Q: 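Here you go, one structure.
For clarity, every value in this text was computed on a predicted model and none was experimentally measured. Within every chain, numbering begins at 1; the chains are lettered A, B, ... in the order of the sequence lines, protein sequences first and strands thereafter.
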Amino acid sequence: GQNIDQPTEMTATEGAIVQINCTYQTSGFNGLFWYQQHAGEAPTFLSYNVLDGLEEKGRFSSFLSRSKGYSYLLLKELQMKDSASYLCAVSLHGSGNTGKLIFGQGTTLQVKP
Amino acid sequence: EAQVTQNPRYLITVTGKKLTVTCSQNMNHEYMSWYRQDPGLGLRQIYYSMNVEVTDKGDVPEGYKVSRKEKRNFPLILESPSPNQTSLYFCASSFQAGGHTGELFFGEGSRLTVL
């Protein structure tokens, strides 16, 4: 089966750093995406990892360890507008799972002043 | 403006009355997909299409149909809607299914209520 786990909720303080973890167990792996979704809106792309290591993009960084089935999204210098849900998604493209994309349940982050 | 357009955005219907949710993208993307989002369950893939005339089931295809006769359009059809299909639906597209160009662009969502 396919399983992606993320914490349901997290709270952090404005200006701080927060790490959102994602673990996955899937039959096949072609890459891992992170999306941000504000309440009442559509998800928007944040990052993509296919190789092990850290990808940095401004205040956001994403890490992947394929051997451990583990990823995290790191948000630095938190701002109030970062309050949103963060969705981890594994692409199963190829390996007999062509075109499938599995999402975790999402982590709702609340940033407090 | 590059976008994915869904219609209708909101719909209340009754059990058994066939409905279609349209989805159109203007980015010449090959890959399109439908998701439903329910509280506590996250986004679940219903159907996807790798290209024109190529469609396949996602994780929750029961009760839905799709077609991909043109590259830009990917309608979602509920032949006989039931209350358990009440949900928020998202259509999304990307240049290809995976890889660095697999970034999904989502429509604004269609909130469907089946009474």
Side-chain angles (χ1 to χ4, degrees), chain A residues 1-9 20 22-24 26-51 55 57 60 62 64 66 84-108, chain B residues 2-6 9-10 23 25 27 29-61 66 68 74 88-111:
Chain A
Q2 325 284 12
N3 191 53
I4 299 178
D5 285 319
Q6 307 177 232
T8 303
E9 295 178 342
I20 302 174
C22 171
T23 58
Y24 63 91
T26 57
S27 56
F29 178 88
N30 189 249
L32 189 142
F33 292 88
W34 284 95
Y35 287 86
Q36 180 189 60
Q37 186 178 22
H38 285 101
E41 299 182 7
T44 55
F45 171 80
L46 287 177
S47 68
Y48 175 71
N49 294 71
V50 62
L51 299 176
E55 296 270 349
K57 189 187 288 187
F60 292 9
S62 56
L64 176 67
R66 294 182 66 159
S85 288
Y86 292 86
L87 314 179
C88 172
V90 172
S91 173
L92 303 181
H93 177 54
S95 303
N97 289 296
T98 303
K100 285 196 171 182
L101 184 66
I102 307 294
F103 280 84
Q105 293 184 19
T107 299
T108 299
Chain B
Q3 60 185 5
V4 179
T5 304
Q6 297 178 224
R9 294 286 315 282
Y10 302 91
C23 175
Q25 51 92 6
M27 295 169 279
H29 284 167
E30 292 189 347
Y31 180 84
M32 297 186 75
S33 185
W34 275 103
Y35 298 87
R36 61 178 290 174
Q37 188 172 36
D38 303 288
L41 296 177
L43 280 164
R44 293 181 292 167
Q45 192 173 40
I46 303 171
Y47 269 95
Y48 62 90
S49 170
M50 301 288 283
N51 213 324
V52 176
E53 301 291 2
V54 181
T55 63
D56 210 342
K57 297 177 181 179
D59 286 329
V60 289
V66 293
R68 188 90 181 275
F74 190 45
L88 177 60
Y89 291 87
F90 286 103
C91 178
S93 71
S94 65
F95 184 70
Q96 64 178 42
H100 285 279
T101 50
E103 167 194 348
L104 284 173
F105 293 81
F106 284 84
E108 292 183 302
S110 296
R111 186 167 292 282

Q: Just jot down the side-chain contact (heavy atoms from CB on, under 4.5 Å) partners of A:Ala39, sequence neighbours excluded, or say none.
A: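 Partners of A:Ala39 under the side-chain contact (heavy atoms from CB on, under 4.5 Å) test: none.
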Q: Side chains of B:Gln6 and B:Ser110: do they bring a donor and an acceptor to under 3.5 Å?
A: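 Yes.
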Q: Parallel, tilted or perpendicular, judged at 30° and 60°: which one describes the rings of A:Phe29 and A:Tyr24?
A: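 It falls in the parallel class, under 30°.
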Q: Would you mind checking which part of A:Leu87 comes under 4.5 Å of any heavy atom in chain B, side chain (CB onward), backbone (N, CA, C, O), both or neither?
A: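 Contact with chain B is through the side chain of A:Leu87 alone.
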Q: Give the intermediate values and the outcome of side chain to side chain contact (heavy atoms under 4.5 Å, CB included) for residues B:Tyr48 and B:Met32.
A: CA-CA 6 Å; B:Tyr48 62 90; B:Met32 297 186 75; over 6 Å; no
Q: Heavy-atom distances under 4.5 Å only: say whether B:Leu43 touches chain A with side chain, backbone, both or neither.
A: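 Both parts, heavy atoms under 4.5 Å.
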Q: Checking heavy atoms, do the side chain of A:Gln37, its backbone, both or neither come under 4.5 Å from chain B?
A: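 Just its side chain gets close to chain B.
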Q: Could you check which of B:Ser49, B:Pro39, B:Ala92, B:Gly102 has the highest count of heavy-atom pairs closer than 4.5 Å to chain A?
A: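 That would be B:Gly102.
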Q: Just give me the residue among B:Gln96, B:Arg111, B:Glu108, B:Glu103 that pairs up with chain A most often, heavy atom to heavy atom, under 4.5 Å.
A: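 Most pairs with chain A among the choices: B:Glu103.
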Q: For B:Phe105, check ring pair (Phe, Tyr, Trp, His ring centres under 6.0 Å) against everything at least two apart and list the hits.
A: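 For B:Phe105, the residues satisfying ring pair (Phe, Tyr, Trp, His ring centres under 6.0 Å) (neighbours in sequence not counted) are B:His29.
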